[in-house]
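Here is the structure we will look at.
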Amino acid sequence: MSSADFSVSKRRVFRDELIGLYGVVERNLYLTKRYFLWDLAFLLWTIANTLTIVFISRGVDISAAQRNELATKLLVGGVIWAFLGIIFEIVTETVAWERWEGTIEYTFMAPVSRPVHLIGMGVYAVLYGLVRAAAIFVAVVAFIGIHLPHANYGAAVALLAIASISFIGVGMMTAVLPLISPEKGTQLGFVAQGLMLVVSGVYYPVSVLPSWMQWIAKISPATYALRGNRDQILHGAGLRFSDVWPLLVIGALSIPIGLLVFRAGERYAKQHGKLKRSG
Amino acid sequence: MSEQAVVVRDLEKVFTRRKGLQRRRRSALKGVSFEIERGECVAILGQNGSGKSTLVRLLSTLLLPDGGTAEIFGYDVFKEARAVRRLVNRVSVEASFFKKMSASENLSYAARFYGMTPRQTSAQIPEILGRVGFPPDRRGEAMENLSRGMQQKVALARALLTSPVLLLLDEPTTGLDPRSKQEVQSFVREIRARHDSTILLCTHDMKEAEELADRIGLLDKGELLFLETAAEVKARFGVETIEEAFFAATGRSYEDERTEEDEEREVFA
């Protein structure tokens, strides 16, 4: 029996993978369009949630300049929480969403590679997350009246984009959880997101944390994104190498580790019959 | 010499499930072996929990076996999964779509994973939906608003859009009203007549199996009891119908109530 009739060139495989990646982004656009009102309601909820945090600065008895600085620090924390939350949610729900819709078996038996599938989810998550983060930022700044005369927005977006690589890598690791445990997996992903932000100084300096948590903060990409973004928005800092290199190193490690973890989880799911719709 | 599309040898699958502190093991497939020639339509009959869906999932690269081998057009299903995935598509009992997305959007998503560009799908999706009898004015409607029969037509269109050389049909007409069932069966006949497709049809509908397939197999409690033409099956057991052959082969009526073990096997499979 010969298999030569159906062999395809590497170039064709590469082309098909790119189309597959486009397909993942396109599908997410369709879903965003169909769930537009739901997404809008979620955005308004996030803006309200961020306002409750930033308003804390208005109740502190400090000078106007210090109050403005505190509000900005809290705002950056809230926006990064929202950005990271969306990336985690979209990448982690790569499996959970498709299982809920019932399409998971069709997606997993398609000839697109898993890295392309997951990276496609990550690309959409970053694009959608950036638009959403910008909307939250603008809404809160306008509502509270924060003054940001020195803000370097270009550097802030560039740093977030670099940090996204690591966030996607960590998201891939948590995306495997719904494969292993259909019932609890998604919630465990949210636990991982929360833990990352707790140790990264989302609304406070990392220095206030216990020493063992400060050690964990060093390997969290959110630490460098938060630190860099705060300086960029408050003081107009540029893209500092001291923030960029840890993010690049963590990104270079987290993506392959994320893919390996996902591959191991997929193998486990196929061995134990966990890919099917009902789990 | 005829070309073999599917070669399955001693395929085994065991599922383990925890019940309290106990671990229960159930064999979904027990050393199943068979071959399908290119262009052939083979029907595998069996009650719920007999192992039909497990067999389809194994051949779709969605499960890993506990023993045995399977090849599709010479590619090892478990070691060369990506090559196999280019050749295979499937229609299952559940239509399985993004419910808020339209038929066209769902088909576009599926087609991209098989390397089809927007230009290709913009021409081919209307054409294939037309062939399965899907009304053009409902292409943009959310799937959740479509009837079960209509959704199953879109599922057939999804499978055919990627031009699979092996089509796995896992109870494609179960739960459909008589008219929709007939339409789906007619379309399967059309695929056989017009395309270079090999078909593995898993069903518990004996009439459907006899009408559509070249050979009929019986999977019972994970074991393939026979795989022959309908005439050979009847001659082997000296009976008039496939239902009588089932009784002769298993000692049970096709409608017999199943044991707890069968129920568990169905949950696993």
Side-chain angles (χ1 to χ4, degrees), chain A residues 1-8 12-38 97-114 116-117 120 266-279, chain B residues 3-5 7 13 15-17 28 53-54 57 60-66 71-76 78 80-90 92 94-102 105-106 108-118 142 155 158-159 162 165 168 267-269:
Chain A
M1 191 162 64
S2 164
S3 56
D5 294 350
F6 300 108
S7 60
V8 287
R12 173 67 195 260
V13 171
F14 181 70
R15 170 198 170 272
D16 289 357
E17 292 285 357
L18 284 181
I19 294 171
L21 192 143
Y22 169 74
V24 178
V25 176
E26 182 187 46
R27 184 213 68 186
N28 282 311
L29 277 171
Y30 288 146
L31 285 172
T32 301
K33 190 178 75 181
R34 296 278 178 177
Y35 286 95
F36 177 74
L37 288 176
W38 187 93
W97 202 347
E98 294 233 26
R99 178 176 270 128
W100 180 66
E101 292 277 17
T103 55
I104 187 164
E105 291 193 327
Y106 290 89
T107 299
F108 276 65
M109 66 176 279
V112 75
S113 69
R114 201 60 59 226
V116 164
H117 178 200
E266 187 174 341
R267 192 171 173 79
Y268 171 87
K270 286 180 177 178
Q271 195 72 54
H272 294 85
K274 301 247 181 195
L275 270 184
K276 60 187 281 193
R277 180 181 191 154
S278 58
Chain B
E3 191 180 358
Q4 286 166 340
V7 178
K13 185 66 199 170
F15 290 109
T16 309
R17 197 182 194 201
S53 293
T54 298
R57 286 193 170 98
S60 309
T61 75
L62 292 168
L63 283 175
L64 292 171
D66 292 299
E71 285 183 12
I72 290 175
F73 289 99
Y75 292 105
D76 187 312
F78 311 113
E80 299 170 284
R82 283 186 66 194
V84 167
R85 288 174 190 155
R86 287 181 169 276
L87 308 178
V88 178
N89 215 323
R90 165 185 176 214
S92 63
E94 293 155 342
S96 306
F97 290 103
F98 284 91
K99 296 166 205 65
K100 293 276 182 203
M101 279 165 45
S102 68
E105 288 168 344
N106 271 287
S108 291
Y109 174 53
R112 299 284 178 264
F113 279 180
Y114 291 78
M116 293 179 76
T117 61
R158 173 173 59 190
T162 62
V165 283
L168 303 170
V267 171
F268 293 136

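If you're wondering where the values come from, they're calculated on a predicted model, not measured in any experiment. Convention: sequence-line order gives letters A, B, ...; per-chain numbering from 1.
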Heavy-atom contact with chain B under 4.5 Å, split by part of [X]:
X         : result
Val13(A)  : both
Gln271(A) : both
Arg15(A)  : side chain

For Glu17(A), which residues count as a salt bridge (charged side-chain N to carboxylate O under 4.0 Å, His left out) partner, sequence neighbours excluded?
Arg82(B)
Taking only residues two or more places apart in sequence, or in another chain, which ones meet Arg114(A) in a salt bridge (charged side-chain N to carboxylate O under 4.0 Å, His left out)?
Glu266(A)
Side chain / backbone / both / neither for [X] at chain A, heavy atoms under 4.5 Å:
X         : value
Pro65(B)  : backbone
Leu62(B)  : both
Ser102(B) : both
Val84(B)  : neither

Reported [atom1]-to-[atom2] distance for the pair [X] and [Y], which is rounded to 0.5 angstrom:
X         : Y         : atom1 : atom2 : value
Met109(A) : Leu168(B) : CE    : CG    : 6.5 Å
Leu64(B)  : His272(A) : CG    : NE2   : 10.5 Å
Thr103(A) : Arg158(B) : OG1   : CZ    : 8.0 Å
Ser7(A)   : Phe73(B)  : OG    : CZ    : 14.0 Å

Please give me the minimum heavy-atom distance between [X] and [Y], naming the atom from each residue.
X         : Y         : result
Tyr114(B) : Asp16(A)  : O-OD2, 4.4 Å
Phe113(B) : Gly20(A)  : CE2-O, 3.6 Å
Tyr22(A)  : Pro118(B) : CE2-CG, 3.7 Å

Would you say the side-chain atoms of Tyr106(A) and Ser92(B) include a donor-acceptor pair closer than 3.5 Å?
yes
Just to verify, which of Met101(B), Arg112(B), Glu105(B) counts as forming a side-chain contact (heavy atoms from CB on, under 4.5 Å) with Arg27(A)?
Met101(B)
If we ignore hydrogens and angles and just use 3.5 Å, is the side chain of Lys270(A) paired with the main-chain N or O of Thr61(B) as donor and acceptor?
yes
Between Met116(B) and Ile19(A), is the side chain to side chain contact (heavy atoms under 4.5 Å, CB included) condition met? List the steps.
CA-CA 7 Å; Met116(B) 293 179 76; Ile19(A) 294 171; 5.8 Å; no
Take Ser96(B) and Glu105(A), measure what side chain to side chain contact (heavy atoms under 4.5 Å, CB included) needs, and give me the verdict at the end.
CA-CA 9 Å; Ser96(B) 306; Glu105(A) 291 193 327; over 6 Å; no
